[in-house]
Amino acid sequence: MEDFYITTAIPYVNARPHIGFALECVQADVIARHRRISGERVYLTTGTDENSLKNVIAAEKAGMKTKDFCAANSALFRELADRIGLSYDAFIETASDPDHRKVAETLWRACSKSGDIYMKKYSGLYCVGCELFYKESELVGGLCPEHRTKPEIVEEENYFFRLSKYGGRLLEALDKEITIIPDSRKSEITNFIKEGLEDFSISRSIKRSRGWGIPVPGDSSQTIYVWFDALGAYLSGAGLPSDMKKFNSLWPADMHVIGKGVVRFHAIYWPAMLMSAGIPLPKSIFIHGYVTVNGQKMSKSIGNVVDPVQMLEKYGMDPVRYYLTRSISTFQDGDFSEKAVKEATNSELVGNLGNFVNRTLTFISSVMGGSVDEQDLGEGKLLLDEVYKIVDEVERLMRQGQLNAAILRIMEISSLGNRYFQDNEPWKLAKEDAAAAKEVLFVCANLCRILGILIYPYMPETSNRILKYIGEEPTRLSGAKSLKKHFEIAAPNILFRKIE
RNA sequence: AGCGGGGUAGGGUAGUCUGGAGUGCCCGCCGGGCUCAUAACCCGGAGAUCGGUGGUUCAAAUCCACUCCCCGCUACCA
């Protein structure tokens, strides 16, 4: 059996999770579940990024110890992952996971051994009040945005990673080893590399990091820069270093699912670090867009931050998962609004999918005596052939990561079913031509079964319910194109409730 | 400023690489049908100078040039 190792990014925990991470969870999970029902052995890692100075500051503001603050917020991310149905196998909290700390140290030592880590003086604009370095672009009128004071130029010695050495090898790797999904992002990355890479700082003084984070091996006056340690979570999630058997079967990762804002770290820094450490490179990087809210960028100052857990409570897991994959384009930015969630749920889940399944199963249970058997197929055969083509098309789209296009195609099956049901009027046939009515319902029951299988990655709860109603065994994608010959059906409950 | 992405009916998208009647999908709107089904489903319709200008071509949403608007990244910041 083939292993498929997939990761989400690990968000940092200075605030509550927002709808953007929910999108990432759903996308990664749809891919993971699709692979699972394709017969692959899937392993999914997620977690939280905690060793950041920003967390120290946020904790201070909240009047908490950094450690407690991270643990509390991390629990919120875990809650979101659970509630949205993310089927993860490992959840790495970078501040408290002992394996993770070892991985960060190992990675450091390996890069150091390759001669890629060296000390360099760095000078920057430092605000004494914040105890932070600022970039010129972050200042407001040349002043610290927080304290309204002029920052001073301060010099500090840090460790640097010799990124400049890896430009050529990175370009080669992006050409041969690492698939960037979607393809359009690849040119963005290669252009950046071609412009020339500079070495980057991978440590902070203890003073600047306020003692939070993982100490540099062999130099307790410095802390490992958060990115250098965070990316290692993909390794620790796979079992490094405590379970090498697992690690060797999982690594290299098959796919990192990330947001467009962190492309550089994943597509440039990370592969370079791995090359330096002599570790194989991830096979693909899947890059999604950002979620806007009512057309606006999410921001605390606008006050439009959407709490995904609240949305899940209000609308349910599957409708939220459906909306995030159906209405938000997979690779571009997309908009979230409750109005749109409501419309998509009512017209597509209730009106199209839910209604088709319901009218079919209800009809079989109330008019056909609760069962239907294989029939000689006339026109129904044509419909099934058309649907089988869609099944193939969906599989092709899923393999390409076109999650949005695939769910649209899946929903077409339900539309076709509704039209077929309507055109053939089995409620009339039942009185005039029992065999013809049986054929129609036999076809529709099989369409329900195909739908139940195909929607599994997107809406696992609904999928399980449909398959249970029709007495189908656990989901296997390979069974989607064969007919189930006999159905025993009890009166079903409706799949989706209308949102008023 | 540089690099990248986007601008297609009221909203959202596909189509652009490999030009060929504005062709499709989802929602919304208007009209009709049907009644098995959650006022659901089915059919029909209105609605677009395909951001703008200029060019190549028998033919441009699609190719080329210029231009306007939106978004992201620009490195020690997740």
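In what follows, every chain begins at residue 1, and chains take the letters A, B, ... in the order their sequences are listed. Predicted model only: the values in this text are computed from it and were never measured.
Rounded to a whole Å, the CG atom of A:Asn51 is 16 Å from the C1' atom of B:C77. Residue A:Leu403 contributes atom CG, which lies 14 Å from atom P of B:A14 at whole-angstrom precision. Between the CD1 atom of A:Ile202 and the P atom of B:C77 there is a distance of 14 Å, rounded to whole Å. In this entry the distance linking CG of A:Asn355 with P of B:A39 reads 9 Å, nearest Å. As rounded to whole Å, 7 Å separates atom C1' of B:C34 from atom CH2 of A:Trp427. As a whole-Å value, the separation of A:Ile258 CD1 from B:G72 P is 17 Å. Rounded to whole angstrom, the span from the CD1 atom of A:Ile189 across to the C1' atom of B:G72 amounts to 13 Å. To the nearest angstrom, P of B:C76 lies 14 Å from OH of A:Tyr118.
Straight-line distance between the C1' atoms of B:U18 and B:G54: roughly 25 Å, to the nearest whole Å. The separation of B:C50 from B:G22, taken at their P atoms, amounts to 10 Å, rounded to a whole angstrom. Between B:U67 and B:C3, the distance separating the two P atoms is 13 Å to the nearest Å. B:A46 and B:G24 have their P atoms separated by 12 Å, given to the nearest Å. Remark: the separation of the C1' atoms in B:G47 and B:G28 is 11 Å, to the nearest Å. For the C1' atoms, the distance from B:G51 to B:U62 is 16 Å, rounded to whole Å. On the P atoms, B:U49 is 7 Å away from B:G10, given to the nearest whole Å. Annotation: B:G55 and B:G12 have their C1' atoms spaced 33 Å apart (nearest Å).
Comparing atom distances between the A:Phe160 side chain and each of B:C76, B:C42, B:C41 picks out B:C76 as nearest. Considering only side-chain atoms of A:Arg419, the nucleotide from B:C76, B:C42, B:A75 that sits closest is B:C42. Set against B:C42, B:C77, B:A75, the side chain of A:Asp423 has B:C42 as its closest nucleotide.
Residue A:Gly196 is in base contact, counting any heavy-atom pair closer than 4.0 Å across all strands shown. Note on A:Val357: nothing from the nucleic acid sits closer than 4.0 angstrom, heavy atoms only. At the heavy-atom level, A:Leu361 lies nowhere under 4.0 Å from the strands shown. Residue A:Gly351 is classed as a sugar-phosphate contact, given heavy-atom separations below 4.0 Å to backbone atoms only. Across all strands shown, A:Phe421 has heavy atoms under 4.0 Å from base atoms, whether or not it also approaches the sugar-phosphate.
Applying the side chain to side chain donor-acceptor pair (under 3.5 Å) test to pairs two or more places apart or on separate chains, none has a residue in residues 489-499 of chain A. For residues 423-448 of chain A, the set of pairs meeting the ring-ring contact (aromatic ring centres under 6.0 Å, His included) definition, not counting sequence neighbours, is empty.
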Tabulate atom names and distances for all N/O pairs under 3.5 angstrom spanning the protein and nucleotides 3-7 of chain B.
unit_1	atom_1	unit_2	atom_2	d
B:C3	O3'	A:Asn191	ND2	3.4
B:G4	OP1	A:Asn191	ND2	3.4
B:G4	O2'	A:Glu188	OE1	2.9

Are there any protein N/O atoms within less than 3.5 Å of an N/O atom in nucleotides 22-29 of chain B, and if so, which ones and at what distance?
unit_1	atom_1	unit_2	atom_2	d
B:C26	O4'	A:Arg326	NH2	3.4
B:C26	O2'	A:Arg326	NH2	2.6
B:C26	O2'	A:Glu348	OE2	2.1
B:C27	O2'	A:Glu343	OE1	3.2

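Qualifying ring pair (Phe, Tyr, Trp, His ring centres under 6.0 Å) partners for A:Tyr458, counting only residues two or more places apart in sequence or in other chains: none. Under the rule for a ring pair (Phe, Tyr, Trp, His ring centres under 6.0 Å), the partners of A:Tyr159 that lie at least two apart in sequence or sit in another chain are A:Trp108. When the side-chain hydrogen bond (donor to acceptor under 3.5 Å, both in side chains) test is applied to A:Ser96, no partner is found at least two apart in sequence or on another chain. Residues that satisfy the salt bridge (charged side-chain N to carboxylate O under 4.0 Å, His left out) test with A:Glu338, not counting sequence neighbours, are A:Lys314. With sequence neighbours excluded, the residues forming a side chain to side chain contact (heavy atoms under 4.5 Å, CB included) with A:Lys67 are A:Trp212, listed by chain and number. A:Gln422 pairs by the side-chain hydrogen bond (donor to acceptor under 3.5 Å, both in side chains) definition with A:Arg359, not counting sequence neighbours. With sequence neighbours excluded, no residue satisfies side-chain hydrogen bond (donor to acceptor under 3.5 Å, both in side chains) with A:Tyr12.
Residues of residues 491-500 of chain A that place a heavy atom closer than 4.0 Å to RNA chain B, in numerical order, are A:Ile494, A:Leu495, A:Phe496, A:Lys498.
Put simply, A:Phe200 does not rest on the base of B:C76: the two rings are not both less than 5.5 Å apart at their centres and under 30° in tilt.
For the pair A:Asn404 and A:Val262, nearest-nucleotide mapping onto RNA chain B gives the more 5' position to A:Asn404. Along RNA chain B, the nucleotide closest to A:Ser203 and the one closest to A:Asn418 are compared, and the more 5′ of them pairs with A:Asn418.
With ring centers used as reference points, A:Phe336 lies 6.0 Å or more from A:His18.
The closest side-chain donor-acceptor pair between A:Ser164 and A:Asp199 falls under 3.5 angstrom. For the residue pair A:Ser415/A:Asn352, the side-chain donor-acceptor check at 3.5 Å is satisfied.
Atom CD of A:Glu379 has 12 or fewer neighbouring heavy atoms from other residues, nucleotides or ligands inside a 6.0 Å radius.
Look at B:A59: it lacks any Watson-Crick or wobble partner with both distances under 3.5 angstrom. For B:G2, the paired base is B:C73 (Watson-Crick or G-U wobble, both distances below 3.5 Å). Pairing partner, B:C36: none, since no Watson-Crick or wobble contact has both distances short of 3.5 Å. Nucleotide B:U53 forms a pair with B:A65, judged by Watson-Crick or G-U wobble geometry with both contacts under 3.5 Å. Applying the Watson-Crick and G-U wobble criteria (two distances, each under 3.5 Å), B:C25 pairs with B:G12.
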Determine whether A:Glu343 and A:Lys339 satisfy the following criterion, salt bridge (charged side-chain N to carboxylate O under 4.0 Å, His left out), listing intermediate values before the conclusion. CA-CA 6 Å; A:Glu343 281 173 2; A:Lys339 183 169 173 275; 3.4 Å; yes
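Between the side chain of A:Gln422 and the base of B:C43 there is no donor-acceptor pair of N/O atoms closer than 3.5 Å.
By the 30° and 60° cut-offs, the orientation of the rings of A:Phe356 relative to A:Phe421 is perpendicular.
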